[in-house]
Amino acid sequence: MEEFPSIEVQGLSKSYGRVPAIHKLSFQVNKGEIVGFLGPNGAGKSTTMRILCGLIPGSSGSARICGLSIARQAESVKRCIGYMPENNPLPEAMRVREYLRFRGGLKEMPRRTLRRRIDEVLEICDLHYKTGRRVIGSLSKGFRQRVGVADTILAEPAVAIMDEPTIGLDPHQVLAFRDLIHSLRGKMTIILSSHILAEVERACDRVIILNQGRIVAQGTSEELRREFIRDSEYRFTLRGHGAGVAEAVRRVDPAARLSDPMPAGPGGDGAVAVRIESSRTSDMSESFLQAIEQVPGVHVQAFFRREPSLEDIFLAATRRSWKETEESLGRSTVRSVAADATARDL
């Protein structure tokens with residue numbers, strides 16, 4: 001039996017009148033993958049997710065879920081998907097178990113299966129017995145998000161799509177959500193969007209970055225680091241400093257760039273912080289350390305190589321796409337497109 005990708009998108013576009021929301025998106029998500037969907041406000045993330053869920057039609061292009069065409073087999077596609085929208089609306093007067101029974105009925109789940117599955121998702125989402133009996137309106141934001149996830153995975157969908165599931169959560173709740181997503185790894189394919197980029201990097205196998213309705217980057221964090229962050233950054237804390245430090249660094253890498261020394265802290269002990277940027281891909285930490293330690297009157301107190309974060313990659317990718325668009329369309333057109341996109345998402 002042929003196995004299809006969980007999600008396959010080719011040339012997908014959506015416009016509202018003359019305003020493009022997304023333009024010729026193409027990507028694929030394989031079975032069991034967890035993929036982060038990133039982009040600034042107005043980038044087209046929510047529009048794409050709604051099309052994938054069959055809630056709104058695309059203007060052109062194609063999208064398939066588990067080999068099924070969203071345009072021609074919408075009802076079958078919806079049975080393969082669990083969807084958690086941003087600011088997930090929950091009925092505050094219903095109890096948690098009551099709500100999940102109601103949702104299971106809408107998903108046409110057999111009654112015997114539903115009873116067992118409710119117990120399973122309550123355990124997976126760490127909604128203990130007493131919480132299952134509580135009225136949803138009495139729950140904290142974190143617990144409401146867990147109820148939303150329990151609803152999303154209730155019918156054991158092949159694909160779960162979650163739009164900003166961590167919005168409004170405190171750091172402890174975000175960590176709990178990360179553990180929850182990790183527990184689902186391999187059991188279903190997950191696409192999630194979030195503005196908490198550090199959590200996306202930890203939870204997801206790959207990321208897709210959108211800007212102005214276009215995909216501007218996609219791949220693993222390591223692949224995107226190699227594409228967008230060409231320089232390595234090293235940070236040294238030194239006691240003593242002088243021209244000899246720069247000379248030592250440039251003996252190792254003539255093209256290296258040094259920052260001006262800055263006080264390393266409020267203690268007033270005379271230590272300074274120096275940042276070194278190098279375009280060499282190999283780790284130069286030990287080479288720089290050995291060269292600096294040979295400078296008379298200089299002592300290295302601390303050093304490390306700073307790894308670019310997903311936030312650095314995100315900023316680099318969106319910056320590059322803005323620059324390319326400005327060059328092709330002119331600044332006034334870009335501002336107009338950005339204003340329309342932001343207004344559309346509000």
Q. When rounded to the nearest 0.5 angstrom, what is the spacing between CZ in Arg206 and CD in Glu222?
A. 15.5 Å
Q. Regarding Lys141 and the six-membered ring of Phe143, is the cationic atom NZ or CZ under 6.0 Å from the ring centre and inside 45° of its axis?
A. no
Q. Salt bridge between Arg79 and Glu108, side-chain N to carboxylate O under 4.0 Å?
A. yes
Q) Does Asp126 reach the side chain of Arg146, with side-chain heavy atoms less than 4.5 Å apart? A) yes
Q) Taking a hydrophobic cluster as the set of Ile, Leu, Val, Met, Phe, Trp and Tyr residues connected by side-chain heavy atoms closer than 4.5 Å, whether directly or through intermediates, do Ile208 and Ile22 fall within one such cluster? A) yes
Q. Would you say the side-chain atoms of Glu33 pair up with the backbone N or O of Asn30, donor to acceptor, closer than 3.5 Å?
A. yes
Q. Just one of Val147, Thr152, Val149 clears the side chain to side chain contact (heavy atoms under 4.5 Å, CB included) bar with Cys125, so which one?
A. Val149
Q | Test item: Lys130 and Arg133 side chains (from C-beta on) under 4.5 Å apart, heavy atoms | A | no
Q: Tell me, with the steps shown, if Leu12 and Phe27 meet side chain to side chain contact (heavy atoms under 4.5 Å, CB included).
A: CA-CA 10 Å; Leu12 186 64; Phe27 63 91; over 6 Å; no
Q: Would you indicate whether the side-chain heavy atoms of Ile136 and Arg95 approach each other to under 4.5 Å?
A: no
Q | Heavy-atom side-chain contact between Met49 and Ile191 under 4.5 Å | A | yes
Q: Any chance you could measure Leu310, atom CG, to Ser221, atom OG, to the nearest 0.5 Å?
A: 5.0 Å
Q. If we only count heavy atoms from C-beta on, is the His195 to Asn41 side-chain gap below 4.5 Å?
A. yes
Q.
Closer than 3.5 angstrom, by distance alone: can the side chain of Asp205 be matched with the main-chain N or O of Ile34 as a donor-acceptor pair?
A. yes
Q) Same cluster or not: are Met188 and Met109 linked, directly or through other Ile, Leu, Val, Met, Phe, Trp or Tyr residues, by side-chain heavy atoms under 4.5 angstrom apart? A) yes
Q | Qualifying residue for side chain to side chain contact (heavy atoms under 4.5 Å, CB included) with Gln145, from Ile167, Leu139, Leu90 | A | Ile167
Q. Can Phe37 be reached from Ile196 by stepping across I, L, V, M, F, W or Y side chains whose heavy atoms are under 4.5 Å apart?
A. no
Q: Answer whether the closest heavy-atom distance between the side chains of Glu277 and Arg275 falls below 4.5 Å.
A: yes
Q | Lys/Arg-Asp/Glu bridge criterion (N-O < 4.0 Å) met for Asp163, Arg50 | A | no
(Q) On a heavy-atom basis, which atom in Ser26 and which in Ile215 lie closest, and how many Å separate them? (A) O-CD1, 3.5 Å
(Q) Applying side chain to side chain contact (heavy atoms under 4.5 Å, CB included) to Val200 and Ser194, what does each step give before you reach the verdict? (A) CA-CA 7 Å; Val200 170; Ser194 176; 3.7 Å; yes
Q. Is there a donor-acceptor pair closer than 3.5 Å between any side-chain N or O of Arg117 and the backbone N or O of Leu154?
A. yes
Q: Just do the side chain to side chain contact (heavy atoms under 4.5 Å, CB included) check on Val35 and Leu192 with the steps written out, would you?
A: CA-CA 7 Å; Val35 174; Leu192 63 91; over 6 Å; no
Q: Could you tell me which non-hydrogen atom of Gly244 sits nearest to which non-hydrogen atom of Val295, and how far apart they are?
A: O-CG2, 3.5 Å
**Q.** Tyr234 side chain vs Arg306 backbone, donor-acceptor pair below 3.5 Å
**A.** no
**Q.** Arg116, CZ atom: more than 12 neighbouring heavy atoms under 6.0 Å
**A.** yes
**Q.** Spatial distance of atom CG (Leu175) from atom CG (Leu180) [nearest 0.5 Å]
**A.** 12.5 Å
(Q) Treating Ser278 as the side-chain partner and Ala256 as the backbone partner, does any N or O pair qualify as donor plus acceptor under 3.5 Å? (A) no
Q. Side chains of Arg280 and Ser232: do they bring a donor and an acceptor to under 3.5 Å?
A. no
**Q.** Nearest atoms (heavy-atom pairs only) where Ala246 meets Leu258
**A.** CA-CD2, 3.6 Å
Q: Working to the nearest 0.5 Å, report the span between CZ of Phe102 and CG of Leu114.
A: 12.5 Å
Q: Mind checking the CD1-CG spacing from Ile313 to Leu224? Nearest 0.5 Å is all I need.
A: 5.5 Å
Q: Look at the side chain of Ser15 and the backbone N and O of Arg18, then say whether any donor-acceptor pair between them is shorter than 3.5 Å.
A: no
Q) Within a reach of under 6.0 Å around CD of Glu120, are more than 12 heavy atoms found that belong to other residues, nucleotides or ligands? A) yes
Q | Contact summary for Pro89 and Pro85, nearest pair of heavy atoms | A | CD-CG, 4.0 Å
Q: Could you tell me which non-hydrogen atom of Cys204 sits nearest to which non-hydrogen atom of Gly36, and how far apart they are?
A: SG-N, 3.4 Å
Q. Below 4.0 angstrom, N of the basic side chain to O of the carboxylate: do Arg225 and Glu201 qualify?
A. yes
Q: Apply the test side chain to side chain contact (heavy atoms under 4.5 Å, CB included) to residues Val300 and Gln290: give CA-CA distance (whole Å), side-chain angles for both, the deciding distance (0.1 Å), then the verdict.
A: CA-CA 10 Å; Val300 178; Gln290 292 174 9; over 6 Å; no
Q. Is the closest basic N to carboxylate O distance between Asp151 and Lys107 below 4.0 Å?
A. yes
Q) Would you call Ser46 and Glu86 a side-chain contact if the rule is heavy atoms closer than 4.5 Å? A) yes
Q.
Please check this pair: side chain of Lys45 against backbone of Leu38, looking for a donor-acceptor N/O pair closer than 3.5 Å.
A. no
Q. Side chain of Arg134, backbone of Ser138: donor and acceptor closer than 3.5 Å?
A. yes
Q.
Under a 3.5 Å distance rule, please check whether Asp179 uses its side chain to pair with a backbone N or O of Ala176 as donor and acceptor.
A. no
Q. Between Cys66 and Val159, which heavy-atom pair has the shortest distance, and what is it?
A. SG-CG2, 4.4 Å
Q: Kindly compute the distance separating CZ (Arg64) from CD (Gln10), expressed to the nearest 0.5 Å.
A: 10.5 Å
Q) Linking I/L/V/M/F/W/Y whenever their side-chain heavy atoms sit closer than 4.5 Å, directly or via other members, would Met84 and Val29 fall into one cluster? A) no
Q: Indicate if Ile51 and Ile190 have the same hydrophobic cluster label, given that clusters are the connected sets of ILVMFWY residues with side-chain heavy-atom separations under 4.5 angstrom.
A: no
Q.
Could you check whether Ser13 and Ser59, counting side-chain N and O atoms only, form a donor-acceptor pair closer than 3.5 Å?
A. no
Q.
Do Ile65 and Ile70 have side chains that approach each other closer than 4.5 Å (heavy atoms only, starting at C-beta)?
A. yes
